[in-house]
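For the numbers below, each heavy atom of this structure counts, side chains included, while hydrogens, waters and symmetry mates do not. Naming convention: chains lettered A, B, ... in sequence-line order (proteins, then strands); numbering from 1 in each chain.
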Amino acid sequence: MTSTVSVGWIVLGRMSGDIAIAVLDATGDETERMVLAKADAVQWLEERESAVAPRWVWSDATAWYPELLAAGVRLARCHDLRLCHAILRDSTLVTAADDLRAATAWDAASAQTTAQASTLFDLDEGSSTTGPPSSLHEALAEFARQRQALAGASDAGRLRLLLAAESAGALIAEEMRAAGLPWDAAAHDAILTETLGIRPPGGGPPTRLRELAERVRRELDDPAASLDSQPKLLRSLHRAGILVESTSRWELSEHDHPVIAPLIEYKKLSRLLAANGWSWLEEWVKDGRFHPVYIPGGVVTGRWASSGGGALQLPRQLRAAVRADPGWALVIADVAQLEPRVLAAMARDDRLAAAARGRDLYEGIVDSGAVATRSQAKTAILGAMYGATTGESGRLVPKLRRAYPQAMALVDDAARVGEEGGVVTTWLGRSSPSPSGGWRDLQLRATEAEASGADETRARRWARDRGRFTRNFVVQGTAAEWALAWLADLRGRLAVLPQISETDSAPRSGPVFQRSPHLAFFLHDEIVVHTPLALVEEVSEAVRASASFAGRLLFGDFPLDFPLDLKVAQTAEKA
DNA sequence: AATTCGTCCTGC
DNA sequence: TCAGGCAGGACGAATT
């Protein structure tokens with residue numbers, strides 16, 4: 001993320017099994033071009049990486065980096081043309097984006113996403129139709145378009161930070177996928193057995209789950225009741241006199257009937273079995289690692305998405321199965337109340353920043369006198385960021401508006417822009433999508449003289465919906481940028497910590513993830529680092545330093561801290 | 001038979 | 001423990 005003086009870019013492209021390479025100097029002029037066989041290219045890259053550490057320019061990290069990682073090569077910096085294209089194409093900070101928008105081939109999904117769907121027909125051809133263009137020619141053309149767009153941008157500095165952070169994220173996502181999250185299958189199995197009961201050898205539901213199902217059927221006085229089909233269960237409930245409209249937990253719990261408690265418990269357990277039961281364990285945990293697929297920029301706001309294994313929805317209950325290797329530890333850190341802190345900084349709201357000083361932002365709001373209790377503060381803040389209008393949250397938001405007018409003006413403005421069909425932009429320059437054609441049509445129709453009342457009502461509702469989206473977009477998106485900066489800086493700090501081969505007698509060979517501290521998990525505002533025990537202190541310090549760096553990188557000297565909740569988890573030695 | 005839709009629950 | 005934002009995954013039901 002730091003600026004460099006003379007090191008330029010090296011652009012990579014594929015050419016029928018070989019690698020085509022163009023070296024650009026710091027001003028972007030091409031100084032050298034060559035074609036190398038794949039095997040030679042890996043060595044050449046490794047040599048250039050250690051000699052000059054250029055910013056590697058490639059079409060798509062998912063198409064290039066896994067192979068390099070498998071060969072033991074890690075790169076410090078890249079420019080991911082696919083991800084950067086998406087940002088620049090839509091950013092309101094880019095004044096001339098016509099050329100980028102015309103280059104629609106770069107709107108393609110990542111090679112990896114498409115490859116998963118078509119492994120059966122994978123012909124391993126560079127010219128395949130999946131992913132963005134992979135030739136050197138196309139990469140150079142797109143890179144030129146992107147630099148052109150940046151040159152004319154109204155706040156190129158911020159956009160450059162965003163592109164660097166997004167690209168670093170692309171590297172980190174592949175590295176974390178390759179490294180995996182240390183996962184103790186035996187511990188997971190023990191949790192399942194403890195919660196769900198014993199699996200019958202002949203198959204079928206585990207004992208506790210089956211007992212619960214029988215109890216539910218007994219209480220319903222319906223021996224054949226189907227508990228796994230929503231409509232059928234609903235009918236059974238109605239027959240038993242429980243007049244719910246849905247089978248969701250919150251509605252069930254409003255009723256008083258002996259079937260409710262076991263039914264809710266049944267649904268909870270059956271959910272665990274279906275989502276993260278033994279078959280999940282078998283499918284996703286190999287050799288003590290959970291290998292999720294992360295998708296940087298997979299969410300419109302810039303948050304990461306994931307694909308496969310539900311990596312971002314791991315139930316808290318299973319966190320105990322995340323265990324460091326023997327002789328290693330996990331450093332687990334999350335940011336307390338990231339989004340409201342980001343909002344305070346974006347809005348330069350000194351009063352909200354003052355409330356955020358110290359550990360707990362919600363207590364700070366209570367201390368300022370805006371609301372009476374911590375839970376009210378939390379409800380009010382969430383309501384402010386999500387656009388709540390009703391209930392307790394809707395009643396509390398006005399109090400917040402009086403206490404923190406600057407912060408509230410920022411989200412209120414974002415909502416108004418969205419309602420009017422406009423586009424909002426995060427701190428570093430990621431813009432929200434434009435409203436759909438259908439949305440625009442409806443708003444237009446509703447303003448015409450002969451518009452029906454129904455149209456007007458619907459138009460107003462859609463407008464409010466979009467307002468809530470853009471209101472949340474600026475905060476969630478900027479929080480995602482903060483988190484990316486945190487990750488990217490941390491990765492750099494971890495890279496310069498010693499490998500255990502230098503302090504220990506471990507073998508030098510093998511994947512780099514077996515020798516040094518590495519990121520193992522990331523979830524919006526939480527990171528997990530897997531590290532040799534000897535480096536726990538250094539890693540913890542790096543995690544904190546990076547958080548504070550991220551705050552300064554985005555918000556300069558605005559007085560706001562981002563306190564971490566940091567834990568070290570070490571696997572107990574077995575005697 | 002295959003695909004899409006709806007519901008519910010998990011995470012932030 | 002709902003309202004109010006962003007997601008993914010499972011599974012049954014509806015649709016083609």
Side-chain angles (χ1 to χ4, degrees), chain A residues 113 117 226-235 244-254 263-277 279-280 283-284 292-319 334-340 342-343 375-376 378-397 400 411-412 414-415 418 424 426 430 432-433 461 464-480 482-483 521-527 565:
Chain A
T113 313
S226 164
L227 309 190
D228 298 321
S229 151
Q230 196 260 359
K232 289 177 189 169
L233 175 58
L234 205 52
R235 282 195 291 275
V244 284
E245 279 179 25
S246 78
T247 63
S248 63
R249 184 181 304 168
W250 69 268
E251 195 180 351
L252 286 172
S253 60
E254 285 173 350
L263 178 55
I264 288 176
E265 181 71 3
Y266 174 86
K267 285 166 69 81
K268 203 174 134 196
L269 298 196
S270 99
R271 160 87 195 179
L272 176 64
L273 177 65
N276 298 99
S279 46
W280 181 92
E283 185 177 355
W284 290 102
V293 178
Y294 296 94
I295 306 177
V299 178
V300 279
T301 57
R303 271 187 176 178
W304 288 15
S306 73
S307 159
L312 305 188
Q313 293 107 294
L314 290 175
R316 299 200 145 277
Q317 200 179 1
L318 287 182
R319 281 304 190 95
D334 69 292
V335 199
Q337 306 114 16
L338 175 58
E339 292 189 356
V342 160
L343 171 58
S375 119
Q376 283 185 343
K378 186 175 181 180
T379 305
I381 282 285
L382 292 179
M385 292 188 307
Y386 295 163
T389 53
T390 60
E392 193 194 357
S393 185
R395 283 194 299 278
L396 288 168
V397 170
L400 228 49
V411 283
D412 288 344
V424 295
T426 61
R430 193 187 308 261
S432 66
R461 196 176 69 237
R464 297 253 163 84
D465 286 349
R466 189 155 191 284
R468 282 194 301 274
F469 166 62
T470 51
R471 169 191 292 273
N472 185 247
F473 183 95
V474 291
V475 180
Q476 186 183 119
T478 304
W482 184 94
F521 191 66
F522 169 56
L523 207 182
H524 306 322
D525 63 357
E526 177 188 8
I527 56 105
D565 184 5

Between Glu526(A) and Arg316(A) (salt bridge meaning N to carboxylate O under 4.0 Å), is one present in this structure?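 A salt bridge is absent here (no side-chain N lies under 4.0 Å from a carboxylate O).
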
Between Glu251(A) and Lys267(A), does any side-chain N to carboxylate O distance fall below 4.0 Å?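 Answer for the salt bridge query: no.
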
Taking atom C1' of dC11(C) as reference, at what distance in whole Å does atom CG of Leu272(A) sit?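 Rounding to the nearest Å, CG of Leu272(A) and C1' of dC11(C) are 16 Å apart.
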
For Arg235(A), what residues pass the side-chain contact (heavy atoms from CB on, under 4.5 Å) criterion, not counting sequence neighbours?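 Partners of Arg235(A) under the side-chain contact (heavy atoms from CB on, under 4.5 Å) test: Pro231(A), Lys232(A), Arg239(A).
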
Output all residues satisfying side-chain contact (heavy atoms from CB on, under 4.5 Å) with Ala414(A), sequence neighbours left out; order by chain, then residue number.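 For Ala414(A), the residues satisfying side-chain contact (heavy atoms from CB on, under 4.5 Å) (neighbours in sequence not counted) are Val424(A), Val474(A).
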
Where does dG4(C) fall, syn or anti, if syn means a chi angle no more than 90° from 0?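 Syn, which is what one calls it when the glycosidic angle falls within 90° of 0.
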
Which is true for [X] with a 4.0 Å heavy-atom rule: it touches a base, it touches only sugar-phosphate, or it touches nothing?
X	answer
Asn276(A)	nothing
Leu314(A)	sugar-phosphate
Arg471(A)	nothing

Can you check whether [Y]'s main-chain N or O pairs, donor with acceptor, with [X]'s side chain at less than 3.5 Å?
X	Y	answer
Thr379(A)	Ser393(A)	no
Arg471(A)	Ala384(A)	yes
Trp280(A)	Gly309(A)	yes

Compare all side-chain heavy atoms of Lys268(A) with those of Leu272(A) and state whether any distance is below 4.5 angstrom.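 Of all side-chain heavy-atom pairs linking Leu272(A) with Lys268(A), none is under 4.5 Å.
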
Quick one: does Glu392(A)'s side chain get under 4.5 Å of Gln376(A)'s, heavy atoms only?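 Sidechains of Gln376(A) and Glu392(A): in contact.
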
For a quick check, with a 4.0 angstrom heavy-atom cut-off, what is the B/S/- contact string for nucleotides 2-10 of chain C, read 5' to 3'? BBBBBSBBS

Dot-bracket encoding of pairs in DNA chain C, which uses [ ] for pseudoknotted crossings and | for another strand, Watson-Crick or G-U under 3.5 angstrom: ....||||||||||||

Within 6.0 Å of CD in Glu245(A), more than 12 heavy atoms from elsewhere: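 Open.
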
Which two nucleotides bound the region of DNA chain B that has atoms under 4.0 Å from heavy atoms of chain A, read 5' to 3'?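 Span of nucleotides near chain A: dT7(B) to dC12(B).
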
By salt bridge (charged side-chain N to carboxylate O under 4.0 Å, His left out), which residues pair with Arg468(A), not counting sequence neighbours?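 Partners of Arg468(A) under the salt bridge (charged side-chain N to carboxylate O under 4.0 Å, His left out) test: Asp465(A).
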
